[in-house]
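Notes to accompany the following structure.
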Amino acid sequence: MIDVGRRDFLLSATAAALASGIEPGAWAQGRTAKPLGYAIVGLGTYGHDVIMPQFANCTHSRLAAVVSGDPAKAKAVAAAHGLPSSSIYSYANFDSIRDNPDADIVYVCLPNAMHADYTIRAARAGKHVMCEKPMAISVAECEAMIAACHAANRKLMIGYRCHFEAYNLEAMRLARSGVAGRTRYVRTEHGFVQRDPSKWRLKRALAGGGSLMDMGIYSLQAARYMIGEEPVAVTARESTDRRDPRFHEVEDMIEWTLEFPSGAIAGCQSMYSANQNHVLLMGDLGRIELEPATRYDGNRMWTGKDGREQERTPPPGPGKTQFAGQLDHLARCIVDGREPIVSGEEGLRDMRIIEAIYRSAREGRTIRLGTTA
Ligand code: NAD
């Protein structure tokens, strides 16, 4: 599924540039006269605090608009970033973004259950879409998002930042290089402690699920990109104290085993009651281990065997930061007429497996996964 070899950033199609109205040939030297404009939808922790400062690290992307339910906040944020008042949208007038040629891409940073609606509306407004993980809260929603972007001839990318993060990229490369030998298993755990029961992440209607939707998706992604195959079966078990007010609606801990065609297995876990961030690949010659594995910064990696592991520093990733690499990747895919390496189809693959994980835990049995999952 993930071909590290596809991560080249060679430039080609002037036809795509013409189609998108971007100066032909502008990217021939890896630059464009005007970087593509992003409209950030949802000025919360991720959209505002994490993503917005990253445009300073980008080459091909810039901030063009903000969309918020809080007019005072939107005004202050726009002013702080030098945006005109015409680049401020509310959720009510969001669809009029179709008339703003400055906004090429809509970046959906809203609670999970709002991803599908805003992605579909953005595509209908003629905008390309970057949508945060998890792509949506059901397979049906993911399929509708892909269909809407396809019908509008717009790109759809999922905010899987680890595909632009130096440690994870190097771990994928090492796994494929055979440094650990033949992969026998991957073990991966992701969690962070939720303290406030009133937060949207603990509300089923907005989050679509619990720790699996939010943190387990990192474990699932890591299992797939470290092993480099698609799982054929999943067996899951949930462990949640439903008396705890934080977990009346969504799961706390869930663990699942994925079986892969080569015989490798992945033991994955997520939780909302412990802080954990770990990826381990064991092969018949040794290990590749990341801990922390998928954080914004401070990730670390070791390779080796028998307690003689060597810490490794990876070569730089494709951007100044993983976020800048991710933002610029979509901009360049639009200009070059290429599919993003983490497209809507990739988000859909994860959602199919997530639905199977929940079903397995619910029904207490192994679920076989379709060959196209
Ligand atoms: P947040 O609660 O900090 O922000 C959510 C934003 O949505 C706020 O601006 C809020 O005002 C707005 N909003 C609109 N309608 C809302 C409603 N009905 N209820 C609650 N908020 C509403 O959340 P966040 O941490 O910024 O997460 C947003 C999205 O980003 C989620 O899908 C999450 O999974 C994703 N995320 C991704 C990463 C990553 O590393 N890729 C990290 C954090 C969050």
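The residues of the chain are indexed from 1 along the displayed sequence. Order of listing sets the numbers, starting from 1, for every ligand and every atom in it.
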Under 3.5 Å, is there a donor-acceptor pair between the Ser68 and Asp70 side chains?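 Looking only at side-chain atoms, Asp70 and Ser68 do not form any donor-acceptor pair under 3.5 Å.
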If you draw the axis of the six-membered ring of Tyr118, does the NZ or CZ of Arg121 fall within 45° of it and under 6.0 Å from the ring centre?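 Yes, Arg121 sits over the ring of Tyr118.
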Starting from the C-alpha separation in whole Å, work towards a yes-or-no answer on side chain to side chain contact (heavy atoms under 4.5 Å, CB included) for His60 and Val335. CA-CA 10 Å; His60 306 296; Val335 174; over 6 Å; no
Those atoms of ligand 1 less than 4.0 Å from some heavy atom in [X]:
{"X": "Gly42", "result": "9 (O)"}
{"X": "Asp214", "result": "34 (O)"}
{"X": "Arg161", "result": "39 (C), 40 (O), 41 (N)"}
{"X": "Gly159", "result": "41 (N)"}
{"X": "Tyr296", "result": "40 (O), 42 (C), 43 (C)"}

Does ligand 1 have any atom sitting under 4.0 Å from a heavy atom of Tyr107?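 Distance cut 4.0 Å: Tyr107 fails for ligand 1.
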Are any of the heavy atoms in His48 under 4.0 Å away from ligand 1?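 It does not; every heavy atom stays at 4.0 Å or beyond.
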Select the closest option to [atom] among [options], judged by heavy-atom distance.
{"atom": "atom 24 (P) of ligand 1", "options": "Gln326, Lys73, Arg201, His115", "value": "Arg201"}
{"atom": "atom 39 (C) of ligand 1", "options": "Tyr118, Trp200, Tyr218", "value": "Tyr218"}
{"atom": "atom 43 (C) of ligand 1", "options": "Phe323, Tyr46, Tyr160", "value": "Tyr46"}

Check: Gly44 N/O within less than 3.5 Å of ligand 1 N/O: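 Yes, since at least one N or O of Gly44 sits under 3.5 Å from an N or O of ligand 1.
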Taking distance alone, with N or O pairs closer than 3.5 Å, would you say Gly47 contacts ligand 1?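 N/O-N/O distance under 3.5 Å: no.
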Set of residues satisfying ring-ring contact (aromatic ring centres under 6.0 Å, His included) with respect to Phe247, sequence neighbours excluded: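 In terms of ring-ring contact (aromatic ring centres under 6.0 Å, His included), with neighbours along the sequence ignored, Phe247 is linked to no residue.
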Structural part of [X] in contact with ligand 1, heavy atom criterion under 4.0 angstrom:
{"X": "Leu43", "result": "backbone"}
{"X": "Leu206", "result": "side chain"}
{"X": "Lys133", "result": "both"}

Please name the residue in the list Phe323, Tyr38, Tyr107 that meets the ring-ring contact (aromatic ring centres under 6.0 Å, His included) test with Phe55.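 The ring-ring contact (aromatic ring centres under 6.0 Å, His included) with Phe55 is passed solely by Tyr38 among Phe323, Tyr38, Tyr107.
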Do the charged groups of [X] and [Y] touch, with an N to O distance under 4.0 Å?
{"X": "Glu291", "Y": "Arg300", "answer": "no"}
{"X": "Arg224", "Y": "Asp350", "answer": "yes"}
{"X": "Glu289", "Y": "Arg187", "answer": "no"}

Min side-chain heavy-atom separation Leu285-Val179 under 4.5 Å: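 No, too far: nothing below the 4.5 Å cut-off.
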Which residue supplies the protein heavy atom nearest to [atom], what is that atom called, and how far is it?
{"atom": "atom 37 (C) of ligand 1", "answer": "Glu132 OE1, 3.1 Å"}
{"atom": "atom 16 (C) of ligand 1", "answer": "Met114 SD, 3.9 Å"}
{"atom": "atom 21 (N) of ligand 1", "answer": "Pro111 CG, 3.4 Å"}
{"atom": "atom 12 (C) of ligand 1", "answer": "Tyr91 OH, 3.6 Å"}
{"atom": "atom 3 (O) of ligand 1", "answer": "Thr45 OG1, 2.6 Å"}

Quick one: ring pair (Phe, Tyr, Trp, His ring centres under 6.0 Å) pairs with a partner in residues 199-219, sequence neighbours left out?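 Ring pair (Phe, Tyr, Trp, His ring centres under 6.0 Å) check on residues 199-219 returns His190-Tyr218.
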Of Glu346, His150, Met145, the residue whose pairing with Leu156 passes side-chain contact (heavy atoms from CB on, under 4.5 Å):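 Between Leu156 and the candidates, side-chain contact (heavy atoms from CB on, under 4.5 Å) is satisfied uniquely by Met145.
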Exercise check, heavy-atom protein proximity under 4.0 Å to atom 29 (C) of ligand 1: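 Within 4.0 Å of atom 29 (C) of ligand 1, protein heavy atoms are found.
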Mark yes when over 12 heavy atoms from residues, nucleotides or ligands other than Lys73 sit less than 6.0 Å from its NZ; otherwise mark no.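 Yes, the 6.0 Å shell around NZ holds more than 12 heavy atoms from other groups.
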Take Met351 and Val139, measure what side chain to side chain contact (heavy atoms under 4.5 Å, CB included) needs, and give me the verdict at the end. CA-CA 6 Å; Met351 194 53 60; Val139 165; 4.1 Å; yes
